Amino acid sequence: MKSIGGKMANMEQIVSLCKRRGFLFQSSEIYGGLNGFWDYGPLGVELKRNIKEAWWQDMVVRHDDLSQLPGTPSPYSMTGVDTTIIVHPQVWKCSGHYDLFHDFMVDCRDSKRRYRHDQIVGRWADAKGKRAFVTAQAGDEAEQQMERQAMKFFNLRAKNIEELNWEGTTICLTEIASFEEVLGPEAKALGTLTPPREFNLMFKTTVGALGGEEDAAFLRPETAQGIFLNFKNVLDSTRFRLPLGIAQTGKSFRNEITPRNFTFRSREFEQMEIEFFCHPNESAEWYRYWRDRRLSWYHELGISPERLRLREHHEDELSHYSTGTADIEYAFPFLAAGEYGELEGIAHRGDFDLRSHSEGKLDEKRRPLEVELGPDGKPKWRGSGKDLSYRDDLTNEKYIPHVIEPSAGADRATLAFICDAYYEDEAPDDEGKMQTRTVLKFHPRIAPIKAAVFPLVKKDGMPEMAKEIYLELKKRFNVFYDEKGAVGRRYRRQDEAGTPYCITVDGQSLLDKTVTIRDRDSLEQVRLPASECLAWISERILG
RNA sequence: GCGGGUGUAGCUCAAUGGCAGAGCUCCAGCCUUCCAAGCUGGUGGUGAGGGUUCGAUUCCCUUCACCCGCUCCA
C-alpha cells in the first residue's frame with residue numbers, strides 16, 4: 001500500500017481490484033463460497049507462479065555453490081524435492097503436529113471466551129460455605145488472577161481475605177471431570193464452561209476405499225516434513241556434502257479456526273520451504289545468514305523496506321529446542337497501524353526433527369532433548385529407527401545435523417506483493433485534466449504480463465506490424481495484444497494489471513521500423529527499433 | 001465458536017409488499033496519430049433454502065459468504 005496525494009489504499013479497494021481484474025476469486029463462488037479457500041484467476045496465477053519461480057531460481061538454481069558468500073562460514077549446496085501431501089501418519093506423531101494440532105478447547109457461555117483445555121489451571125477454594133474450582137489462564141500471573149476471581153466470586157473484601165480457604169494445589173483443568181463447580185477464568189457463575197471439544201487442525205482423510213479409523217491419514221500442515229523424510233535419500237542418491245539446503249514448494253492444509261483477512265489465513269495454502277542442514281557448531285552463524293538472506297530477497301523484489309520488518313522472537317516465545325527464530329513481517333493494510341503479519345519464519349530447529357524421526361518424538365520440554373515417554377514408560381511415539389546422522393567423509397566425523405528452516409508462505413507473499421504494488425496516483429487525461437490512475441507497480445520480474453503491444457490506431461497497417469512484434473515477444477514472455485479503443489484507455493487497463501511496459505506502433509513505426517516503449521511508473525516513453533524490444537525487455541525482467 | 005454489520009449487473013451504488021434503475025466496465029460498430037469520460041446499439045442482477053402473502057428483492061426463519069471486534073494462530 002502506498003499513499004500518493006494523501007490517499008491511503010484500503011483493503012476493500014485491493015480486494016475489489018483483485019476480483020475485477022482476475023487476480024483472486026473466492027473458491028466455489030457460484031455455490032456461495034467456502035470459508036478459507038481462494039482461487040487465483042488469470043492474472044493471479046501468473047503473479048504467484050512468478051513469485052514461486054523467483055524464489056526457486058534465487059534459492060536453488062542460481063545459487064553459487066562454489067564461492068563463500070558474505071556472512072557464511074563456508075560454501076554450501078542447494079537442491080530440491082517434491083514430496084507427497086499425504087505421508088505415513090506416524091510422521092505427524094513424531095513431528096509433534098499430532099499432539100499439538102489436536103487441541104481440546106472449552107468455551108465459556110458466560111464470558112463468551114474460548115480457552116485451550118490444557119492451558120487453564122485452577123485450585124479448589126471455599127468461603128462462606130460455598131465451594132468452587134477457581135481457574136485462570138496458565139501463566140506467571142495465574143495465582144494472582146485466581147485470587148482476584150475467588151474474591152469476586154465469594155464476594156469478599158480484601159480485609160476478609162482470611163475467610164478464603166484454598167485446598168490442595170494448583171492443577172490443570174484437564175484433571176477435573178465435571179465442570180459444574182468450575183468457575184471460568186472470566187465467568188461470574190459456576191458451570192459456564194462447555195465440555196472440552198476437539199479441534200482438529202489437521203485435515204483428516206482416509207487411505208484406501210474401505211479404510212476405517214486405522215487407515216486415517218492427514219493432509220500435510222507443512223511441506224517441511226517431506227524434506228526430513230527424504231534427507232537420507234537425497235544424500236544417498238547425490239554427491240552433496242553438508243552444508244546442504246533442500247527446498248520444496250507445495251500445498252499445505254490447516255483447519256484454521258478463524259480464516260480471516262482475504263488470503264492471509266487460508267485453510268489451503270502454498271509454502272516455499274528450505275531445510276538447511278549443517279554442522280551444529282556452525283548453526284548459529286547459518287541461522288543469521290538465512291535470516292538476513294531471506295529478508296533481502298523481499299527487498300530485491302521491490303517490497304517497500306518501510307513496510308517490512310524482521311522480528312526476532314523473544315526467548316519465551318521460542319520453541320524449547322530452538323535457539324533462534326525470526327519472522328519476516330509485512331504491514332498489511334488490513335492490520336491496525338503498527339501491526340505486522342507474518343510472511344516467513346526462519347527457525348533454528350537444532351536436531352529436533354531428524355532425531356525425532358529417528359529415535360521417536362522428543363520431549364520439547366526436556367533439556368537436553370529426550371524421547372517423550374508415554375504412561376507405560378515406552379516412547380510415546382516411536383520413530384523410524386533409521387539412522388539419520390551424517391558422516392563427513394573428509395573428517396570422518398559423524399553427527400546429527402542441525403537444521404535452519406526458512407519457511408515462507410507463497411500466498412502471503414503474493415498478497416503482500418499485491419498490497420505493496422497498489423498505488424493510486426494522478427495522471428492527466430487527453431484534455432489535461434488530472435484523473436485518478438490505479439496502478440500495480442510490480443517488479444517487472446513478477447508482473448503477470450511483461451508487456452502489452454498496441455497499434456496506436458486500428459488502421460494503416462499498424463495492427464499488422466504490432467501483431468508481428470507481439471508474436472515474436474510471446475515466444476519468450478507473457479505479453480498482451482490490444483487494438484481496441486483509445487490508446488490511453490489501453491494504457492490504463494495495463495496499469496491496473498501491473499504490466500510494466502507498453503509497446504506502441506505508430507505512424508513513424510511504419511516508416512522506420514521503430515516503436516515506443518512506455519514505462520508504467522514514470523509514464524515516459526522511449527523510441528527504439530522494433531527488433532530491439534525483446535532484448536530491451538529481457539534485460540529488465542530477468543532480475 | 002460468540003457479538004455487531006453487510007449481501008441488488010463484472011465494479012460502485014439506487015429503489016420498492018405489485019414491470020428492478022443509474023454510472024462505470026464489457027461486447028459490436030462508428031470515430032480516433034499517445035494516457036480511461038465522443039457517437040449508436042447491446043449483454044447482464046436481488047447469495048442460497050424455506051415460510052407468511054393473491055403477490056416477497058422488500059417482512060419472518062434457516063443457511064452460506066464477506067467485513068469489524070472477541071477467540072485461535074504449532
Side-chain angles (χ1 to χ4, degrees), chain A residues 10-13 15-22 25-38 41 92 95-103 105-116 119 137 186 194 197 199 201-202 221-222 224 252 254-262 264-265 267 317 319 322 325 334 336 341-342 345 347 364 407 426-439 454-460 462 483-496 502-510 515-520 523-525 527:
Chain A
N10 64 43
M11 205 54 205
E12 275 174 41
Q13 291 172 288
V15 172
S16 170
L17 176 69
C18 283
K19 179 170 186 199
R20 182 157 39 91
R21 294 308 310 263
F25 306 121
Q26 199 170 8
S27 169
S28 318
E29 191 182 347
I30 62 170
Y31 283 103
L34 187 60
N35 193 234
F37 295 89
W38 300 89
W92 307 115
S95 70
H97 290 88
Y98 184 85
D99 292 339
L100 212 52
F101 274 24
H102 280 72
D103 290 340
M105 311 290 291
V106 296
D107 289 310
C108 179
R109 298 186 193 92
D110 183 16
S111 66
K112 304 297 181 193
R113 287 181 168 265
R114 167 175 295 164
Y115 310 97
R116 262 175 65 174
Q119 287 193 349
Q137 294 201 65
E186 278 136 299
T194 64
R197 287 178 288 191
F199 277 66
L201 265 46
M202 285 195 289
E222 63 171 34
S252 292
R254 296 179 197 180
N255 249 327
E256 299 287 354
I257 293 170
T258 311
R260 204 53 82 84
N261 290 331
F262 207 22
F264 183 79
R265 179 165 294 135
R267 288 175 161 150
E317 207 179 345
S319 306
S322 182
T325 297
F334 51 76
E342 180 184 345
E364 302 170 23
S407 170
E426 302 220 307
D429 64 14
D430 59 353
E431 290 169 0
K433 284 190 294 188
M434 297 307 278
Q435 300 289 344
T436 298
R437 180 179 79 126
T438 301
V439 52
F454 307 145
L456 185 58
V457 289
K458 198 167 62 174
K459 61 180 185 187
D460 299 338
M462 293 181 206
E483 60 181 23
K484 298 184 193 75
V487 73
R489 180 184 298 274
R490 285 178 266 159
Y491 286 142
R492 295 298 174 90
R493 271 198 286 251
Q494 293 306 313
D495 290 339
E496 272 196 346
C502 290
I503 298 168
T504 302
V505 171
D506 59 11
Q508 189 180 333
S509 307
L510 303 172
V515 294
T516 61
I517 298 189
R518 175 247 197 200
D519 182 88
R520 176 196 63 203
L523 303 182
E524 281 167 9
Q525 289 179 291
R527 182 171 286 276

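Residue numbering restarts at 1 for every chain, and letters A, B, ... go by the order of the sequence lines. Keep in mind that the numbers below use all heavy atoms, side chains included, and drop hydrogens, waters and symmetry copies. Predicted, not measured: the structure shown is a model, and the values here were computed from it.
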Worksheet, complete the sentence: Walking RNA chain B from its 5' end, the first of A:Ala336 and A:Val487 to be reached, judged by nearest nucleotide, is A:Val487
Worksheet item: When the nearest nucleotide of RNA chain B is assigned to A:Thr438 and to A:Gln26 on a heavy-atom basis, which residue is associated with the more 5' position?
Response: A:Thr438
Worksheet entry | Value rounded to 0.5 Å, distance of CG in A:Leu523 from SG in A:Cys502 | 10.0 Å
May I have the distance from [X] (atom [atom1]) to [N] (atom [atom2]), rounded to whole angstrom?
X: A:Tyr31; N: B:rC64; atom1: OH; atom2: C1'; answer: 14 Å
X: A:Gln13; N: B:rC24; atom1: CD; atom2: C1'; answer: 16 Å
X: A:Asp506; N: B:rC35; atom1: CG; atom2: C1'; answer: 14 Å
X: A:Met11; N: B:rC66; atom1: CE; atom2: C1'; answer: 12 Å
X: A:Glu12; N: B:rU12; atom1: CD; atom2: P; answer: 9 Å
X: A:Leu456; N: B:rC31; atom1: CG; atom2: P; answer: 16 Å
X: A:Leu17; N: B:rU12; atom1: CG; atom2: P; answer: 11 Å
X: A:Ile30; N: B:rG10; atom1: CD1; atom2: P; answer: 13 Å

Rounded distance in Å between the [atom1] positions of [N] and [M]:
N: B:rC72; M: B:rA14; atom1: C1'; answer: 40 Å
N: B:rG18; M: B:rC35; atom1: P; answer: 49 Å
N: B:rC11; M: B:rG50; atom1: C1'; answer: 31 Å
N: B:rG1; M: B:rU52; atom1: P; answer: 29 Å
N: B:rA56; M: B:rA48; atom1: P; answer: 15 Å
N: B:rG29; M: B:rA65; atom1: C1'; answer: 40 Å
N: B:rC59; M: B:rG5; atom1: P; answer: 14 Å
N: B:rC24; M: B:rG38; atom1: C1'; answer: 16 Å

Classify the nucleic acid contact of [X] as base, sugar-phosphate or nothing, counting any heavy atom under 4.0 Å across all strands shown.
X: A:Phe454; answer: nothing
X: A:Gln525; answer: base
X: A:Arg518; answer: base
X: A:Ser16; answer: sugar-phosphate
X: A:Glu222; answer: base
X: A:Asp460; answer: base
X: A:Glu524; answer: nothing
X: A:Asn261; answer: sugar-phosphate

Worksheet item: How about A:Glu12: does its CD atom have over 12 heavy atoms from other parts shown lying under 6.0 Å from it?
Response: no
Discussion item. With syn defined as a glycosidic angle within 90° of 0 and anti as the rest, where does B:rC19 land?
Written reply: syn
Student check: side-chain heavy atoms of [X] and [Y] closer than 4.5 Å:
X: A:Arg267; Y: A:Asn35; answer: yes
X: A:Arg490; Y: A:Arg493; answer: yes
X: A:Val439; Y: A:Arg520; answer: yes
X: A:Trp38; Y: A:Gln26; answer: yes

Using the side-chain heavy atoms of [X], tell me which of these nucleotides is nearest: [options].
X: A:Arg260; options: B:rA65, B:rC34, B:rC70; value: B:rC70
X: A:Arg493; options: B:rG10, B:rU33, B:rU25; value: B:rU25
X: A:Phe334; options: B:rA36, B:rC68, B:rU33; value: B:rC68
X: A:Arg20; options: B:rC68, B:rC11, B:rU33; value: B:rC11
X: A:Lys458; options: B:rU33, B:rA65, B:rU32; value: B:rU32
X: A:Lys484; options: B:rA28, B:rU32, B:rA65; value: B:rA28
X: A:Thr258; options: B:rC11, B:rC70, B:rA65; value: B:rC70

Which nucleotide, if any, forms a Watson-Crick or G-U wobble pair with [N], using both distances under 3.5 Å?
N: B:rC34; result: none
N: B:rU58; result: none
N: B:rC70; result: B:rG1
N: B:rG44; result: none
N: B:rU6; result: B:rA65

Would you say [X] reaches [N]'s phosphate, i.e. side-chain N/O to OP1/OP2 under 4.0 Å?
X: A:Arg489; N: B:rU25; answer: yes
X: A:Lys19; N: B:rG10; answer: no
X: A:Asn255; N: B:rC72; answer: no

Discussion item. Quick check on the 6.0 Å ring-centre criterion: do A:Phe334 and A:Phe264 meet it?
Written reply: yes
Fill in: Backbone of A:Met462 reached by a side-chain donor or acceptor of A:Asp460 within 3.5 Å
no
Item to complete: Could you tell me whether the side chain of A:Arg437 and the main chain of A:Arg492 form a donor-acceptor pair under 3.5 Å?
Response: no
Item to complete: Indicate, yes or no, whether a donor-acceptor pair under 3.5 Å links the base of B:rC34 to the side chain of A:Tyr491.
Response: yes
